[in-house]
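Below: the structure, in structure tokens.
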Amino acid sequence: MNWPSTPDEAVALQLEMAPLVDPNPPAGWQPRTAAGLDVAYDGDKLCAAVVVVDLTSLETVDQAVVPGVTDFPYVPGLFAFRELPALMSALERLTTSPDVLICDGQGVAHPRRFGLASHLGVVTGLPSIGVAKTPMGRYDPPGPDRGDWTELRDGDDVVGRALRTQKDVKPLFVSIGHRIDLDTACARVLDLAPKYRQPETTRRADQLCRQALVLDR
DNA sequence: GCGACAG
DNA sequence: ATCTTGTCGC
């Protein structure tokens, strides 16, 4: 199927692609770098940014920003269709391929098990993690300490975790995107968030696309 | 029928 | 997402 032009077509594409999500990590996979992705908006204009970070030192090793326009309106459940094109072109401008994508939104914690992180993962073939600030599902509050977590459920399915990345700070909602397991996904998110609620990847991508949006006008 | 609904 | 000041705390 081609790129959808209506919400109905978008839903159909998600239903068609959801079975392509692979919950198994690549054989012997040991990620050294992680890419954070984010988009900032100004009316119908936007900027997408990707920042690649070394998982051990947390230093930025690569980054890219691209301008664009909003094609798709924001519709809950169809968020990916708004940001995916711009994020893909930003990814194409990196000089090296990151080992895992850290996405600002859900992975399989989604009505059709195919949120932004899963969509990006399947399209790129890269392992991906969904890290959302608000849940799409039900959960009980995790304990107050960094690393505490509870299950995020959609009906009877466990689709992710409510993960506390800092003591007494609102939890993040982590779900697998593609080619990764939930334990590993949460461990890497904690690695990337030693000091703040959000992973360093997301924080830097957020900062980069915002400043690019300003300079571009 | 009514409310809820990633960013 | 974005609109928006000061303020409490490490």
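A note on names: the letters A, B, ... follow the listed sequences, proteins ahead of strands, and every chain is numbered from 1.
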Exercise. Counting any heavy atom closer than 4.0 Å, what does A:Leu46 reach on the DNA or RNA strands: base, sugar-phosphate only, or nothing?
Worked result: nothing
Exercise. For A:Thr134 and B:dC5, is the shortest distance between a side-chain N/O and OP1 or OP2 below 4.0 Å?
Worked result: no
For this session: Quickly work out the A:Lys133 NZ to B:dG7 P distance and round it to whole Å.
Result: 5 Å
Exercise. So what does A:Leu78 touch, heavy atoms closer than 4.0 Å: a base, only the sugar-phosphate, or nothing?
Worked result: base
For this session: Measure from CE on A:Met136 to C1' on B:dC5 and round the result to the nearest Å.
Result: 6 Å
Problem set entry | Proximity to the side chain of A:Arg210 - top-ranked nucleotide from C:dT2, B:dG7, B:dA6 | C:dT2
For this session: Please state whether the phosphate of B:dG7, meaning OP1 or OP2, lies under 4.0 angstrom from any side-chain nitrogen or oxygen of A:Tyr41.
Result: no
Problem set entry | Crowding at CD, A:Gln207 (>12 non-hydrogen neighbours, <6.0 Å) | no
Exercise. For A:Tyr74 and B:dG7, are the ring centres under 5.5 Å apart with planes inclined under 30°?
Worked result: yes
Seminar exercise, completed: Here the distance between atom P of B:dA6 and atom CZ of A:Arg112, to the nearest Å, is 13 Å
For this session: Report which part of the nucleic acid A:Ala40 touches: base, sugar-phosphate, or nothing (heavy-atom distance under 4.0 Å, all strands).
Result: sugar-phosphate
Problem set entry | Proximity of A:Phe81 and A:His119 rings by center, below 6.0 Å | yes
Exercise. Can you tell me how far the CG atom of A:Asp148 sits from the CZ atom of A:Arg164, to the nearest 0.5 Å?
Worked result: 7.0 Å
Problem set entry | Atom-pair distance (CZ on A:Arg82; C1' on B:dA6), nearest Å | 12 Å
Problem set entry | Between B:dG7 (P) and A:Leu84 (CG): distance, integer Å | 16 Å
Problem set entry | Spacing between A:Arg113 atom CZ and B:dA6 atom P, to the nearest angstrom | 15 Å
Problem set entry | Nucleotide B:dG7, atom C1' - distance to CD of A:Glu83 in whole Å | 6 Å
Problem set entry | Under-4.0 Å side-chain N/O to phosphate OP1/OP2 contact, A:Lys195 with C:dC10 | no
Exercise. Centres of the A:Phe79 and A:Phe72 rings: under 6.0 Å?
Worked result: no
Problem set entry | Whole-Å gap separating P (B:dA6) and CD (A:Gln198) | 15 Å
